[in-house]
Amino acid sequence: MDKKIDFNFDFKLNFGFNDSDPKIKRKNLNMYKMAILGLFIFLTALIPFYVYVYIIENNSNLDFYYEKFNEIKEYMVLPSKFEIEGPLWSGFAFMVITTIMFIMFKPIVSGNGVNKTLKMSYIWLLVLMALIAFLLATLSQFQYSKFESFYLYESITQIDETNLLIDRASKIPVFQEISRYFSESYKSGKDAYKWQDMNLVWWTMFIQITMIFAVSVSLQNSIFGKKQSEGIEKYIKIISNEKSVSESPFKRLLVKTFNFSEKNLATWTVITTLLCITPHLIYVIIISDGNSASSALIDWTYKLPNLLKDYEVFNNEESLKILDSFQNVTPDPFLITSLPTIIMGLTFASTFSFISVIVRGENVSSNVFLIQYIVLFVEIILLVAVCTYSKIQLENLSQTWNDSFDDVSSNGQKYLEYISSKIPEDFKLLTERGIVSENQIIIDPLFPLLGIDQGKGFEWLNKAGIISESIISFSLVITAFLILGRGILKTNVAKKKLNDEIKKIILKRNILKKRRENRKNAD
């Protein structure tokens with residue numbers, strides 16, 4: 001006879017919000033409210049994405065670019081259709097998943113058999129899905145910004161000072177066709193969409209990440225509520241207060257400020273984090289500024305040399321060697337300008353985990369609190385390392401650009417003079433603001449020099465100063481986090497001991513209670 005196997009699952013979705021207990025009813029309504037609000041904020045944060053999707057789907061210039069891509073890639077390194085639209089639609093899929101997780105938030109986290117750890121895991125999984133969606137969408141926009149630079153470059157270098165479309169005899173035939181097509185579109189304004197530049201797209205993601213982490217705080221509070229120093233935390237607070245009763249007001253203030261409650265530890269973690277990342281935040285803002293000399297150095301070292309390969313005069317061994325001469329000094333500019341912004345966004349957003357603890361007064365789990373602390377520590381160390389690397393690479397590039405072997409002109413000046421001598425008219429259009437006479441259309445310089453032709457470069461400390469700064473930063477981060485980490489470990493140990501004591505007391509009470517019942521039954 002076959003045995004029947006029953007699969008019994010404790011988990012059951014809970015869609016209801018009515019309950020005989022008013023507190024539970026309020027909590028259910030609050031969870032629904034926070035989930036709806038969180039979904040609204042998530043969808044609002046994606047407004048730039050909706051605009052971007054519209055541009056992608058309605059941009060005839062992009063379609064023409066895709067048609068010519070196989071010919072373009074023989075000369076230039078530019079993104080393919082897959083590199084632009086692959087991350088776009090993958091990100092859209094994760095957005096749908098995140099939306100479903102918001103909708104199912106209350107039914108799942110309030111379902112039967114879902115403990116605190118699983119509830120927290122669901123929230124962090126939701127945050128992870130949103131982060132992946134933001135990252136993929138931003139990566140697509142980052143690739144699209146490369147196409148936009150190509151589009152603007154080909155449009156501007158095809159228009160002369162009288163706004164007449166002209167054929168550049170010095171351009172490779174396929175780029176003459178592309179440039180003519182883009183110029184007509186640029187002149188008429190048809191599908192001449194302008195999107196964010198490479199640096200701004202990462203700052204948009206910075207804001208989106210911060211918003212979703214803020215939402216996670218609200219979701220946690222809707223589940224766990226605000227603690228009133230319950231249980232172990234209350235005991236720690238009582239002990240601290242008892243020790244300071246007979247002491248001076250100043251000492252009592254110190255004890256209250258520096259006691260090892262999770263709320264205090266979270267507060268000091270946030271303060272320490274902000275102190276550690278502030279200098280690096282200033283640096284990230286500086287390198288993200290498109291009107292800085294550092295930005296011009298990156299553009300003239302990486303972006304423009306790639307685009308200039310559409311000219312016949314630059315497609316020979318000597319010219320290609322000159323165009324790529326500075327690229328050997330530093331690696332991919334993504335590591336120099338974009339990666340510090342990404343790490344900064346993740347680090348800043350991670351502090352919201354501790355703000356949640358401050359708001360509630362207690363963390364959900366000591367182990368979760370410790371994991372969050374370790375993750376934040378790793379992120380700050382990584383941020384300092386990435387920013388230090390970025391500064392050193394920019395300093396190397398600036399120094400190489402401004403070095404001189406003949407005391408007459410710098411390497412950078414010779415480089416610019418060489419390009420200018422080959423394409424004098426287009427060099428002027430690329431570097432200077434001009435007015436096209438026919439329709440009084442103002443053309444902004446696509447690659448302004450911003451003083452790099454006059455010896456201006458990376459405006460930060462020299463290499464020795466950068467290394468000294470990094471040593472100080474690493475020392476501050478490690479020392480501060482070791483002190484706070486010791487406090488967290490001591491609190492965890494104290495909580496474990498007190499929990500064990502409480503379990504023993506409860507066990508003794510149960511044994512005594514059982515004995516009394518046995519005696520009663522015996523009598």
Side-chain angles (χ1 to χ4, degrees), residues 61-62 64-84 143-161 164-186 198 296-334 397 400-401 409-432 443 445-449 452-453:
N61 295 310
L62 184 62
F64 183 75
Y65 168 77
Y66 289 153
E67 289 176 17
K68 297 294 180 180
F69 181 74
N70 286 333
E71 296 173 83
I72 293 170
K73 69 180 183 180
E74 293 181 13
Y75 301 92
M76 299 181 185
V77 179
L78 288 170
S80 64
K81 182 176 182 178
F82 176 78
E83 289 174 310
I84 293 174
Q143 296 293 354
Y144 178 84
S145 67
K146 295 179 182 178
F147 155 75
E148 187 175 71
S149 293
F150 172 71
Y151 163 74
L152 291 173
Y153 164 80
E154 293 296 343
S155 300
I156 290 172
T157 53
Q158 182 68 20
I159 299 178
D160 70 0
E161 294 179 357
L164 298 174
L165 298 181
I166 56 177
D167 288 328
R168 297 294 188 195
S170 58
K171 280 199 173 186
I172 295 170
V174 64
F175 289 104
Q176 289 184 28
E177 181 186 355
I178 292 169
S179 202
R180 189 181 301 110
Y181 183 92
F182 284 169
S183 295
E184 290 172 353
S185 171
Y186 183 85
M198 293 183 186
L297 278 176
I298 293 293
D299 285 347
W300 281 86
T301 301
Y302 294 98
K303 192 184 292 186
L304 191 59
N306 181 49
L307 298 176
L308 288 174
K309 291 170 185 175
D310 66 343
Y311 285 93
E312 292 280 8
V313 291
F314 291 123
N315 269 278
N316 57 74
E317 188 176 346
E318 179 190 359
S319 294
L320 290 173
K321 186 177 179 181
I322 293 173
L323 288 179
D324 297 337
S325 58
F326 290 108
Q327 293 186 20
N328 297 324
V329 179
T330 56
D332 191 333
F334 175 84
L397 178 60
T400 304
W401 187 280
S409 56
S410 67
N411 297 329
Q413 288 170 334
K414 291 175 182 176
Y415 174 75
L416 295 172
E417 286 168 4
Y418 178 79
I419 295 173
S420 177
S421 67
K422 297 289 185 180
I423 50 168
E425 297 89 358
D426 286 340
F427 184 86
K428 185 178 179 182
L429 285 172
L430 290 169
T431 58
E432 298 177 15
I443 297 180
L446 187 58
F447 296 101
L449 296 173
I452 61 172
D453 56 330

Side chains of Lys73 and Asn70: does their closest heavy-atom pair fall under 4.5 Å?
yes
Derivation and outcome, side-chain contact (heavy atoms from CB on, under 4.5 Å), residues Leu304 and Asp299:
CA-CA 6 Å; Leu304 191 59; Asp299 285 347; 5.9 Å; no
Carboxylate-amine/guanidinium contact Glu177 Lys68, below 4.0 Å:
yes
Run the numbers on Glu67 and Ile178 for side-chain contact (heavy atoms from CB on, under 4.5 Å), then give the verdict.
CA-CA 10 Å; Glu67 289 176 17; Ile178 292 169; over 6 Å; no
Could you check whether any side-chain N or O of Glu312 sits under 3.5 Å from a backbone N or O of Ser170, counting only pairs where one atom can act as donor and the other as acceptor?
no
Between Tyr151 and Tyr65, is the ring centre distance below 6.0 Å?
no
Taking the six-membered ring for Trp, are the ring centroids of Phe427 and Trp300 within less than 6.0 Å of each other?
yes
Distance col, row Leu323:CG vs Thr301:OG1, nearest 0.5 angstrom, shows 11.0 Å
To the closest 0.5 Å, what do you measure between CZ (Phe82) and CD (Gln143)?
11.0 Å
Could you walk me through whether Ile172 and Asp310 pass the side-chain contact (heavy atoms from CB on, under 4.5 Å) check?
CA-CA 6 Å; Ile172 295 170; Asp310 66 343; 5.5 Å; no
Quick one, Phe175 with Glu154, criterion side-chain contact (heavy atoms from CB on, under 4.5 Å). Give me CA distance, side-chain angles, the key distance, then yes/no.
CA-CA 8 Å; Phe175 289 104; Glu154 293 296 343; 3.7 Å; yes
From Glu318 CD over to Leu320 CG, what is the distance, rounded to the nearest 0.5 angstrom?
10.0 Å
Hey, are Ser179 and Tyr153 close enough side-chain-wise for a donor-acceptor pair under 3.5 Å?
no
Just do the ring-ring contact (aromatic ring centres under 6.0 Å, His included) check on Tyr144 and Phe147 with the steps written out, would you?
CA-CA 5 Å; Tyr144 178 84; Phe147 155 75; 5.4 Å; yes
So CD1 of Ile423 and OG1 of Thr157: to nearest 0.5 Å the spacing works out to 8.0 Å
Measure up the Phe314 and Tyr311 rings against each other and bin them: parallel (under 30°), tilted (30 to 60°), perpendicular (over 60°).
perpendicular
Applying side chain to side chain donor-acceptor pair (under 3.5 Å), run through Ser319 and Lys422 and close with a yes or a no.
CA-CA 10 Å; Ser319 294; Lys422 297 289 185 180; 5.0 Å; no
Mind checking the CD1-CG spacing from Ile298 to Leu397? Nearest 0.5 Å is all I need.
6.0 Å
Would you say Leu152 and Tyr186 make side-chain contact, with heavy atoms under 4.5 Å?
yes
Heavy-atom side-chain proximity of Glu74 to Val174 below 4.5 angstrom:
no
Would you give the length of the straight line joining atom CZ of Phe447 to atom CD1 of Ile419, rounded to the nearest 0.5 angstrom?
10.5 Å
Looking at every heavy atom in both Ser183 and Ser155, which two are closest together, and how far apart are they?
OG-O, 3.2 Å
Polar side-chain atom of Trp401 near backbone of Ile452 as donor-acceptor pair, under 3.5 Å:
yes
Any side-chain donor near an acceptor of the partner, Asn61 and Tyr181, under 3.5 Å
no
